[in-house]
A.B. asks: 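Take a look at the following structure, please.
Model, not experiment: these values are computed from the prediction.
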2 protein chains.
Amino acid sequence: MNNIGNYSNILKHEGLKNTKHRNVILEVIENSEQPISAEQIFLKLKEKKNSISISSVYRILESLVSKGLITKSNITGDSKATYEFNRSEHKHHLICTGCKKMFTVDGCPLEEYEKRLKSTMDFDITGHKLEIFGLCKECKHINK
Amino acid sequence: MNNIGNYSNILKHEGLKNTKHRNVILEVIENSEQPISAEQIFLKLKEKKNSISISSVYRILESLVSKGLITKSNITGDSKATYEFNRSEHKHHLICTGCKKMFTVDGCPLEEYEKRLKSTMDFDITGHKLEIFGLCKECKHINK
DNA sequence: TTAGTTGCAAATCGTTTGCATCAAG
DNA sequence: CTTGATGCAAACGATTTGCAACTAA
């Protein structure tokens, strides 16, 4: 619950105009427990009586990604992209293949490994995507 | 260069009919150095004078994925899905954000980590996707 | 013979774009 | 005022689907 609806400093710092839509979208993404799709954002704004067109959602998301404020992924296996707030802490997600819920896990097991790769492969590593699949506490018992 | 065009045993074992198309597609995927898209497969078959419709390519890919013979990912960042042969060895890819080439690295740094997660999160892990981004030997000098 | 497989064209889905209008700086 | 932001509808690319013809088992 940070930045209650006020991201103007951040936006100004990135050279983006401070519009209501950008503020609300940043708020929605920052306060979302899970990575969220463009359509889900669009619907959230509708709930909040903040009418916006879906194309503007996409355009805003693109600009926020390009400024590094949020991150885009295509992880769920289906075709929709999802977006998440760029926090300093490094997190990954457990994705339940049963109920499709995502669970966040703190920390990242890859730091050492990446250092090793950097020297053995002569490859400058700038980032990674890691998603772990399985069955959550509840779904493992349902035995589908 | 395994299974030179003959995957009939594998297909029979999975309860899939042994058609020429399925054989050639499996061959193309198994012998591809990198994850390959549906369209690339379609074009490869054309080269090989094995005319097929793009919709059949998608249908075959879907059935091979569901049988666990190949794996589908949406990793490249753009919207196309890619497919790779399911080998027993576990491999990941370095993706160069400069030239978009992929480099395969053997081994996987996650086995221990997953065991730990399994106990701390009460989550049965069945798999994961890991892709590492950066700049390859050549592109890091270009300094874009 | 028959259930599974294919090609084709049309449909769908997520996303992007052109353009005229509008609003923030 | 000027540049960037928006809404709308149309365009787009990747993938899916309905249906009739076909073919492996």
A.B. asks: Please tell me which of the listed nucleotides, C:dC8, D:dT15, D:dG7, lies nearest to the side chain of B:Ser53?
C.D. replies: C:dC8
A.B. asks: D:dT15 P sits how many Å from B:Asn74 CG, rounded?
C.D. replies: 8 Å
A.B. asks: What is the separation between atom NZ on A:Lys20 and atom P on C:dC22, rounded to the nearest whole Å?
C.D. replies: 19 Å
A.B. asks: From C-beta outward on B:Ser56, which listed nucleotide comes closest to its side chain: C:dG7, D:dT3, C:dT16?
C.D. replies: C:dG7
A.B. asks: By nearest atom, which of the nucleotides C:dG25, D:dG7, D:dT15 is closest to the A:Ile52 side chain?
C.D. replies: D:dG7
A.B. asks: Going by distance alone, is a donor N or O of one side chain under 3.5 Å from an acceptor N or O of the other, for B:Ser56 and B:Ser53?
C.D. replies: yes
A.B. asks: Nearest heavy atom decides the nucleotide; on that basis, is A:Glu62 or A:Glu39 closer to the 5' end of DNA chain C?
C.D. replies: A:Glu39
A.B. asks: Starting the side chain at C-beta, find the nucleotide from D:dG4, D:dG7, D:dT17 nearest to A:His21.
C.D. replies: D:dG7
A.B. asks: Between C:dT6 atom C1' and B:Leu61 atom CG, what is the distance in whole Å?
C.D. replies: 14 Å
A.B. asks: How close or far is atom P of D:dA5 from atom CD of A:Glu14, stated in whole angstroms?
C.D. replies: 13 Å
A.B. asks: To the nearest Å, give me how far apart CD1 (A:Ile54) and C1' (C:dT15) are.
C.D. replies: 9 Å
A.B. asks: From the set D:dT6, C:dG14, D:dT15, return the single nucleotide nearest to any side-chain atom of A:Tyr58.
C.D. replies: C:dG14
A.B. asks: For the pair made of CG in B:Asn18 and C1' in C:dT6, what is the distance, rounded to whole Å?
C.D. replies: 15 Å
A.B. asks: Judged by each residue's nearest nucleotide on DNA chain D, which is more toward the 5′ side, B:Thr19 or A:Ser51?
C.D. replies: A:Ser51
A.B. asks: Quick one: do B:Lys140 and A:Asp122 make a salt bridge, cutoff under 4.0 Å?
C.D. replies: yes
A.B. asks: I'd like to know if the side chain of B:His92 pairs up with that of A:His128 as donor and acceptor (distance under 3.5 Å, no hydrogens or angles considered).
C.D. replies: no
A.B. asks: Report the distance from atom NZ of B:Lys12 to atom P of C:dG4, rounded to the nearest whole Å.
C.D. replies: 17 Å
A.B. asks: Quick one: which of C:dG7, D:dA5, D:dT15 gets closest to the side chain of A:Leu16?
C.D. replies: D:dA5
A.B. asks: Can you find a side-chain donor-acceptor pair between A:Glu84 and A:His93 that sits under 3.5 Å?
C.D. replies: yes
A.B. asks: Select base, sugar-phosphate, or nothing to describe what B:Ile60 touches, counting heavy atoms under 4.0 Å on all strands.
C.D. replies: sugar-phosphate
A.B. asks: Can you tell me how far C1' of C:dC13 sits from NZ of B:Lys80, to the nearest Å?
C.D. replies: 17 Å
A.B. asks: Can you figure out which of C:dG4, C:dT6, D:dT15 approaches the side chain of B:Lys17 most closely?
C.D. replies: C:dG4
A.B. asks: Please tell me which of the listed nucleotides, D:dT15, C:dT16, D:dC19, lies nearest to the side chain of B:Arg59?
C.D. replies: D:dC19
A.B. asks: Tell me if a side-chain donor or acceptor on B:Thr126 pairs with a main-chain N or O of A:Phe133 at a distance below 3.5 Å.
C.D. replies: yes
